[in-house]
Amino acid sequence: MALTRIQKAARIAGQQLAGRQTPFIFNEWYIAALSKEVSRELMARTILGKSLLFYRKLDGTAVALSNRCGHRSFPLQHSTLDGDTVVCGYHGMRYNDQGEVVEVPSQASCGGISIRHYPLVEMGPVIWVWMGEPELADVTKIPAMPMLEDGWVTSEEYMDLKANYVYLHENLLDLTHLSFLHANTFGTPDYAKADFDVKITDDRMWLKRYVVPTRLPPVWAKPTGLEGKDAARITTSDFVSPALHIVHAEFYDISLDESERPDQRIKTAHIPTPATATETHYFVVHGRNFALEDNSVTEFMHQQLMAAFQEDVVGLQQQEQLMAQEEGEEYFEISVKSDAASVAMRRYIKRRADAERGLIASSSAVQTTATQQPQPA
Ligand code: FES
Ligand SMILES: [Fe+2]
């Protein structure tokens, strides 16, 4: 069946947007694991389509190597950790923490054999990894996570999302979906029609929503003491990098003057690390700056939030399955006003991916730097 004029235009516009077919961006810092996941047990995790091996040295330093033995491709996760070295479980080649072979059991010399070593940087509850060209690894470009600053309480989680990472970024940049996908958890009916501002730069996108007045859902109403009150819920969705999205939100009683309002904010890092084209490691680090001493608030918020984020996981997986089935000549996506930030984000990811493959000049797709982080809109 022929596409309508609008459908055809949407199909053409969609060719400039990143999607499930877009190659990964390698020259970027990604979160590989939560700190608590990496231990003295060998652990394998696929990141950007590469299988990596993780462990901790005796002094606690986290290490990442290729998980593929350089000899005959045995998965090193099924090997032995001996001190700070890994002894391959197939023919016994021994690797140090830099991926260099230091022993070949069947011969006297090692002949300079090595596998790839990946730089890691551990920051509080998360471990960042550099998957790109080794000479471009620059720790000053790791984006800041403001909820890890003093005076904030955090909790973290890992979810296995069977969908492409681009659509998780998109989900986060348009919170219209709170009224529908999250109707039974932290969405409210007024969310979808609330006013919003969009701010777009070359490499960063924000969407700020003003839900005022509103009644807060339990996850925010209980810990802030705003149950049953007319409140403001102001949320900024902030695309920081292809590896990090931060949601900033503030809540207050609208009957109070600005000077009387307690400072009650949350910041949630949503961290999509691509595993494959159809699977994403979805890490969350959630922080708040109030009720700091109350562990029951941490547990309550964590449980409520993760129940809501599971709705995203289920929805994005359902979307992924249908896209996989339907893609082809008649595939199109129609964008609306509230998609402005997410369309800009998908154009940016596409430009970055094209630049890495040399398809466009790299000057139009520079990496976000930690020193250039403006405040949310
Ligand atoms: S496959 Fe690892 S030593 Fe042979
Ligand atoms: Fe959501």
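We count ligands from 1, going down the list as the structure has it; atoms in each ligand are counted the same way.
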What atoms of ligand 1 come within less than 4.0 Å of a heavy atom belonging to C69? 1 (S), 2 (Fe), 3 (S)
With atom 4 (Fe) of ligand 1 as the reference point, give the N/O/S atom of H71 that is nearest. ND1
Counting each atom of ligand 1 from 1 as listed, which ones have a heavy atom of C88 under 4.0 Å away? 1 (S), 2 (Fe), 3 (S)
Does T273 use its side chain to pair, donor to acceptor, with the backbone of I31 at less than 3.5 Å? yes
For a 4.5 angstrom cut-off between non-hydrogen side-chain atoms, does E157 reach Y282? no
Vertex the Fe ion (ligand 2): angle to OD1 of D312 and NE2 of H177, to 10°? 100°
Checking a contact table here: which protein heavy atom is nearest atom 1 (S) of ligand 1, and how many Å away? R72 N, 3.4 Å
Which ligand 1 atoms are under 4.0 Å away from a heavy-atom of G92? 3 (S)
Relative to atom 4 (Fe) of ligand 1, which of the N, O or S atoms in H91 is the closest? ND1
Could you tell me if the side chain of E320 sits less than 4.5 Å from the side chain of R20, heavy atoms only? yes
Distance under 4.0 Å to a non-hydrogen atom of M93: what atoms of ligand 1 satisfy this? 3 (S)
Just by modelled atom types, is the N96 backbone N or O under 3.5 Å from a matching donor or acceptor in the H117 side chain? no
Do you know the tightest heavy-atom contact between S179 and T188? OG-O, 2.8 Å
Could you tell me whether the side chain of R215 reaches within less than 4.5 Å of the side chain of L226, counting heavy atoms only? no
